[in-house]
Amino acid sequence: MPGFGLAMGVTLAWLGLIVLIPLAALLAKSLGNGPAFWWQTLATPRVAAALELSFFSALAAAAVDMVFGLIIAWVLVRYRFPGRRIVDALIDLPFALPTAVAGITLTALYAGNGWLGRYLEPLGIQIAFTRVGVFVALVFVALPFIVRTVQPVLQDLDKEYEEAAASLGATRWQCFWRVLWPALLPALLTGFTLALARAVGEYGSVIFIAGNLPMVSEIAPLLIAVKLEQYDYVGAAAIGTAMLLISFVLLLGLNLLQRWLRRGRM
Amino acid sequence: MQVGIQSLSKSFGSTRVLSGIELEVKEGEFCALLGPSGSGKTTLLRIIAGLEFADHGKVLFDGVDVANREARDRQVGFVFQHYALFRHMTVHDNVAFGLQIRSRAKRPARAEIDRRVGELLELVQLAGFEGRFPDQLSGGQRQRVALARALAIEPRVLLLDEPFGALDARVRREMRSWLRDLQRKLNLTSILVTHDQDEALELADRVAVMEQGQVLQYDVPQQVYDRPATPAVYDFLGGANRLAVRVSQGRVLLGNEVVAVLAAADDAAAQLHVRSHDIQLLPADAAAGLQAQVLRATWGGASTHYDLRLAEGSTVEVDQPRWAQSGQLLAAGDTVRLRLERFGVFGPVAGSHHGITG
Amino acid sequence: MRRLLIGIALGFFALFLLLPLVVVFAEALTKGIAPYFTAIVEPDAIAALKLSLAIVAIVVPINALCGLCAAWAIAKFRFPGRSLLLALIDLPFAVSPVIAGLVYVLLLGSRGVLGPLLQEWDIQIIFAVPGMVLATLFVTFPFVARELIPLMEQQGNDEEHAARLLGANGLQIFRRVTLPNIKWALMYGALLCGARALGEFGAVSVVSGHIRGQTNTLPLQVEILYNEYQFQAAFAVASMLALFALITLAVKALLERRYARELGHH
């Protein structure tokens, strides 16, 4: 087959120029003064709080989406109801809607005088400009990743599977736990991984609703932007590498879990 | 055209897939490469086509080494197992492709291309299908389009890679005899890869039996079938029982019984191969034959299958054709005598011998 | 059970996806039709729209072409390091958009690795349009390749081999055999790439000079208006982006339904 050299050359040049060399610049900048200095930059309370908020709210949002995403995927695949096609198409809205638009819209919804906020505030529930706001924005952003990874697997899972289990005397609950759940788990985990990766780095939809109070509701990507505005390149680079490092460890762990689940299955 | 393969070897990484292949296909001859999967037959075919390249050795087209020539310059017709029709083109455009892509100087005029396509579709009995798309055709029709497409460039040799593998049994039989007639008519040198022994024996002028990257035997079908060169060929050509025997002063001994007499005088252990349908069942009171007891009888339409135990302990399978069954079927526990009609004996010292009793 | 699940799914859908969509348009029209159009045709908004479309027009062809090369090399050939290359192409999806902007600032900014060199030649990339193009290239990098690789792997090489044996050269194989087989998937990938390029906020925000009428894209314009408390105008511009998003989703759904097989989605 011809064209390997040309295609490979273009690919490597493209990958190198757009992705790898800039990422290398990040590593060079953040580790240029030695790991001790890097750690010192990170170990301030403000940075630690921002990283903690980013990762924990992303984990929480991905977990919540895992539950509701599974239900939505199930309903879309198994049931027929009016408007199903439109619901199906709109699931990808968070992909397609620019994050800044999502950000100001969620704020308009949940601010104290907002569409929903005005009913929640009297109940003592505050969402906008708190950590809960960060979580809500991430739930919005990460939802399609779960639905879209689980949906095709559910579609391929023949109804015969469940029928076979039922004919062997399994209850509905047993059908779900012993037949469907093991088949869905790998896809759910993949979706969770993708959702997490997206939510950790999310910026646009969060910064409007979060209020960005240092130590309270300031996410790590925002702190990078703040440091850049202050021309603290080394600080920004340090947070950037820390985020990449933590993400890498998390994704690697999820990957290993995935492999462990697949063992014994071809 | 004449195709020659000389001392050809190929490895993928550390796995040797072909070693020291020698093969000669004469002008107009139909050659079948027969072997189990992993025997290297498809790799050999792809090397002849120029889709893979050998590590060593020569591929000769009419005596000219083409081993370093690109696939597009070899002018070979290739028919793929899964058709590889261009799914977005009509039948007409598929067949015309090889002509349409030629440089302007060598490309026939449009009317000429249309005429040629019409002729070829006529040849493969698909006239009138020009406007259809591949997914509107049955498997057999698709394969015939693929053949017409391969023939359009007037190939010097036709290479067929398991062409009927994806078809159902009935269509496969029809295609087989049709292809044989077509190949004779065109007098086109052809090489077929298959793992189906019936297909190879029925279609080919000569059959190369391959295993583990080597050609075990290359001969006309009757020779390959009647006088397999090695135990592996015997095994692959189907239905063979293997029995441990001794050859002593020209006599083949199974336990203490003389099975056959050969012209060899060695005294050594050997293997006797006999196909299940080359054994005749005789009544228990017959004058000669090996004594055996029926373990199980399975009626199967055209023939009945028996599992038997010989007096000396080993088991043998026999297929008895319907015409040879007289009266009641044998049942488990009955005793019979066996006569080996055709067999082969292979031994380290004895070499290979083929016998016909009687 | 069925009703309960449909209820939960639709409830979650309405709350998290449908309601925000309604809010965008409702907020944009709070003051009526006339102010809405005034906000949209305002010169800064028009300039932002032009810049956004220009970035899309540069980014999509580049990433489509390079994605095509990468897919050709990865799907049609086996070579050592193939799975590493595949992982590297996916990398930008796992990186925060803010980091995507950050790496270019660190590489090409005035205090970046190549900063002095660029200054000497009087080339400005960061806080100017070229930087915004680069950052957008980074975040939309994988879309086309990701769409094409599984499809091309599934289609195999037989058709290309057949064409070669019939005498076709590399270009003829590509144009007459490969391209027709992947054209819809290419469009699909380009659509997703374009939608993301149009709406990208975080990466572009970091490298943009935030100069009105010059280095503002539509999402950045939304942010500026919002931060100046011009809520109605911000939502008016946002509603334009939401409309683009809805069109994207509609075209995407159409492609998925009409060309499911050509796209390799089952």
Side-chain angles (χ1 to χ4, degrees), chain A residues 1-4 6-8 10-11 14-15 18-23 25-26 28-29 68 71-72 74-75 79 81 87 89-93 96-102 104-106 108-109 115 139-140 143 152 197 200-201 203-204 208 221 224-225 228 231 233 236-237 240 243-244 247 251, chain C residues 2 5-6 8-9 12-13 16-21 23-24 27 66 69-70 72-73 76-77 88-89 91-99 102-107 111-113 137-138 141 157 160 170 195 199 201-202 205-206 219 222-223 226 234-235 238 241-242 245 248-250 252-253:
Chain A
M1 188 84 69
F4 180 69
L6 179 70
M8 198 62 182
V10 172
T11 305
W14 176 59
L15 186 68
I18 301 293
V19 179
L20 297 183
I21 294 175
L23 278 175
L26 172 72
K29 198 79 184 177
F68 287 97
I71 294 175
I72 291 176
W74 175 269
V75 166
Y79 303 139
F81 53 90
V87 173
L90 281 180
I91 291 295
D92 284 326
L93 187 69
L97 193 70
T99 53
V101 177
I104 64 168
T105 308
L106 291 172
L109 267 171
W115 291 48
V139 167
F140 171 82
L143 180 67
V200 163
Y203 177 73
F208 296 95
I224 293 178
L228 271 179
Y231 297 103
Y233 284 14
M243 283 185 70
L244 290 183
S247 295
L251 300 187
Chain C
R2 179 195 141 100
L5 287 177
I6 294 185
I8 294 174
F12 194 83
F13 167 79
F16 273 92
L17 297 175
L18 201 55
L19 194 57
L21 196 60
V23 168
V24 180
E27 288 284 331
C66 297
C69 283
W72 181 270
K76 301 282 178 194
F77 300 90
L88 287 176
I89 285 176
L91 189 62
F93 277 169
V95 172
S96 169
V98 173
I99 296 180
L102 169 69
V103 294
Y104 284 104
V105 175
L106 296 178
L107 184 70
R111 289 198 238 165
V113 180
L137 276 174
F138 186 104
F141 188 88
N157 290 350
E160 281 81 7
F201 177 69
S205 165
V206 171
V222 170
E223 185 197 21
Y226 189 84
F235 276 101
L241 286 167
T248 305
L249 291 184
K252 180 171 166 287

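As a basis for the values below, the full set of heavy atoms in this structure was taken, side chains included, without hydrogen atoms, waters or symmetry mates. Because the structure is a prediction, the values reported are computed rather than measured. Naming convention: chains lettered A, B, ... in sequence-line order (proteins, then strands); numbering from 1 in each chain.
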When only pairs under 4.5 Å are counted, which of [options] shares the most heavy-atom pairs with chain C?
options                           : value
L97(A), D92(A), L244(A), L6(A)    : D92(A)
V87(A), I71(A), T99(A)            : V87(A)
L15(A), T105(A), I104(A), L106(A) : I104(A)
L251(A), I91(A), L90(A), V200(A)  : L90(A)

Which answer fits [X], side chain, backbone, both or neither, if we ask what part of it has an atom under 4.5 Å from a heavy atom of chain A?
X       : answer
V222(C) : side chain
V113(C) : side chain
P97(C)  : both
A242(C) : both
F77(C)  : side chain

Relative to chain C, which segment of [X] carries a heavy atom at a distance below 4.5 Å: side chain, backbone, both, or neither?
X       : answer
F81(A)  : side chain
F68(A)  : side chain
M8(A)   : both
F208(A) : side chain
L228(A) : side chain

Between V24(C), I8(C), L102(C), I89(C), who has the most heavy-atom pairs with chain A when the cutoff is under 4.5 Å?
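Maximum pair count with chain A is reached by L102(C).
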Could you give the distance from CD (E27(C)) to CH2 (W115(A)), rounded to the nearest 0.5 Å?
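The CH2 atom of W115(A) is 6.5 Å from CD of E27(C), to the nearest 0.5 Å.
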To the closest 0.5 Å, what do you measure between CD1 (I72(A)) and CZ (F12(C))?
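Spacing of CD1 (I72(A)) from CZ (F12(C)) equals 6.0 Å.
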Among residues at least two apart in sequence or on other chains, which ones pass ring pair (Phe, Tyr, Trp, His ring centres under 6.0 Å) with W14(A)?
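Expected list: F141(C).
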Pair V19(A)-L88(C), side chain to side chain contact (heavy atoms under 4.5 Å, CB included): steps then yes or no
CA-CA 9 Å; V19(A) 179; L88(C) 287 176; over 6 Å; no
If you take all heavy atoms of [X] and [Y], which pair is closest and at what distance?
X       : Y       : answer
G240(A) : I99(C)  : O-CD1, 3.7 Å
G204(A) : F201(C) : CA-CD2, 3.4 Å
C69(C)  : A7(A)   : O-CB, 3.4 Å
A225(A) : V98(C)  : N-CG1, 4.4 Å
Y233(A) : G112(C) : CE2-N, 4.5 Å
R111(C) : K29(A)  : O-NZ, 3.2 Å

Can you list everything that forms a side-chain contact (heavy atoms from CB on, under 4.5 Å) with P22(A)? Sequence neighbours excluded, please.
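With sequence neighbours excluded, P22(A) shows a side-chain contact (heavy atoms from CB on, under 4.5 Å) to V103(C), Y104(C), L107(C), given in chain and number order.
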Verify the neighbour count for atom OH of Y231(A): are there more than 12 heavy atoms of other residues, nucleotides or ligands below 6.0 Å?
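No.
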Take F13(C) and L93(A) through the side chain to side chain contact (heavy atoms under 4.5 Å, CB included) test and state the conclusion after the steps.
CA-CA 11 Å; F13(C) 167 79; L93(A) 187 69; over 6 Å; no
Would you please test V206(C) and I224(A) for side chain to side chain contact (heavy atoms under 4.5 Å, CB included) and show each step?
CA-CA 9 Å; V206(C) 171; I224(A) 293 178; over 6 Å; no
Would you mind reporting whether L17(C) and F140(A) have side-chain heavy atoms less than 4.5 Å apart?
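Yes, close enough: below the 4.5 Å cut-off.
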